Protein chains: 2
Amino acid sequence: MGTDSTRNAILDAARQVLFDEGWEALSHQRVAEVAGVGRATVYRHWPQRVQLLQDACSAEVLVMHAEPTGDLRGDLLAELEAIRQELLQRRAGRVLIALADRAAWEPELAEVKRRFVSEGLSALRNLLEAGVKEGRLDAGLDLDGALAGLAGALVYRQVILDQDLTKAMVERVLDDFLARYAL
Amino acid sequence: MGTDSTRNAILDAARQVLFDEGWEALSHQRVAEVAGVGRATVYRHWPQRVQLLQDACSAEVLVMHAEPTGDLRGDLLAELEAIRQELLQRRAGRVLIALADRAAWEPELAEVKRRFVSEGLSALRNLLEAGVKEGRLDAGLDLDGALAGLAGALVYRQVILDQDLTKAMVERVLDDFLARYAL
DNA sequence: ACCACGTGAGACACGTTGTCTCATGTCATA
DNA sequence: TATGACATGAGACAACGTGTCTCACGTGGT
């Protein structure tokens, strides 16, 4: 077995363990078991647990972005819907919350978290930016504040309140936002 | 030393460890060291780690609530300010995020989290409810949605974005909300 | 003076972690 | 085909953490 396929098998196993059994279960030993490789092999590639966490998480930062159509509300809704799916299906919420928790004590993870958040919301940010530039959103809009408001409301419901996000919730959050800032 | 003072010493130590060293460090052994008691004593009172976590967290659910004055914006602002202080100083944010993470795999903690959130926001909920009843807020207001929007925006900024919440941020969040829902 | 009881210290078995060595299998090259 | 470089799996090993147990000690109430 070549180096790359072993690495991938380990990373796949790490993600599986992370999602199914939680962060605390993500040990070299457990990952080796699930990946079907020797324990020493996991240590060889990732001597530190935090690096394994980092690499396992990094591959999760993939939000499907739709092409903007020019319809502001429609584009925003599509993007928020993509984020909703990410939170629901790919369990980005769990990863995010685990990162937020560990990042306080493991500085390496703070950067992973920052990237995770910023990449996950980059398309949304672009849409809002364009909306302001084209005069369809209030110029006084605080971009970071708006992102925190939109994403925060969704993440909070999904991860803190344990609600499964519905399309209606997303629309409500968006329409409240637009009621305030759309021109 | 009596039973109660030992219990309190252990719970104090548990909270200290929880805040200063993180959730993973919260073992019977570490708590015993910090509390200056024998390891067996900690096991005697809390055989399961999750119970220790539970009791250590439960005492953290104390938000200072101001008396309502009748001025809706002022009262809401005071309450959000109290929540901000809680998130900033008493590290409720860290506890909340740690609870959210562990609750996914430890059902006992889900209830602790639920109480934590609901008690922390109960005063805010009452203010909003009264505002609707007195006709000062849009009757179409979705109470849970509004709470999620307000709290979510603050928690998200504090814990996910690592921003230290300022008074200005709180005012902005509130005024955006009132711009949409105040009559 | 007595006793009940919570406690601290420590012994013990057990599982986990991180490191190391070595025989084996695989792949590219001569 | 023979050869050599290399990644791997298995396992030995010490160190550490965990959960349970026993026992001597000190305190407070009787």
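Below, chains carry the letters A, B, ... as their sequence lines are ordered, and counting in each starts from 1. Because the structure is a prediction, the values reported are computed rather than measured.
A close approach under 4.0 Å does occur between a side-chain nitrogen or oxygen of A:Thr6 and OP1 or OP2 of D:dT8.
For DNA chain C, the residues of residues 40-51 of chain B within the heavy-atom distance limit of 4.0 Å (strictly under) are B:Ala40, B:Thr41, B:Arg44, B:His45, sorted by number.
Salt bridge present: B:Glu24 and A:Arg49 bring a charged side-chain N and a carboxylate O closer than 4.0 Å.
Here A:Arg44 pairs with nothing under the salt bridge (charged side-chain N to carboxylate O under 4.0 Å, His left out) rule; sequence neighbours left out. Scanning for side chain to side chain donor-acceptor pair (under 3.5 Å) contacts around B:Arg180 gives A:Asp176, with sequence neighbours left out. Every side chain to side chain contact (heavy atoms under 4.5 Å, CB included) that A:Val155 has, sequence neighbours left out, goes to A:Leu87, A:Leu96, A:Val159, B:Tyr156.
Atom CD in A:Gln29 sits about 6 Å away from atom C1' in C:dT16, given to the nearest Å. Rounding to whole angstrom units, CD of residue B:Glu24 and P of D:dC16 are separated by 20 Å.
Each end of the helix from C:dA1-D:dT30 to C:dA30-D:dT1 yields a helix axis from five base pairs, and these two axes differ in direction by 10° (to the nearest 10 degrees).
Within 3.5 Å, no donor on the side chain of A:Arg39 pairs with an acceptor on the base of D:dG9, nor the reverse.
One N or O on the side chain of B:Asp75 and one on the backbone of B:Gly70 form a donor-acceptor pair closer than 3.5 Å.
Nearest nucleotide to the A:Val37 side chain, out of D:dG9, C:dG18, C:dG8: D:dG9.
Screening residues 145-154 of chain A for salt bridge (Lys or Arg N to Asp or Glu O under 4.0 Å) gives no qualifying pairs among residues at least two apart or on separate chains.
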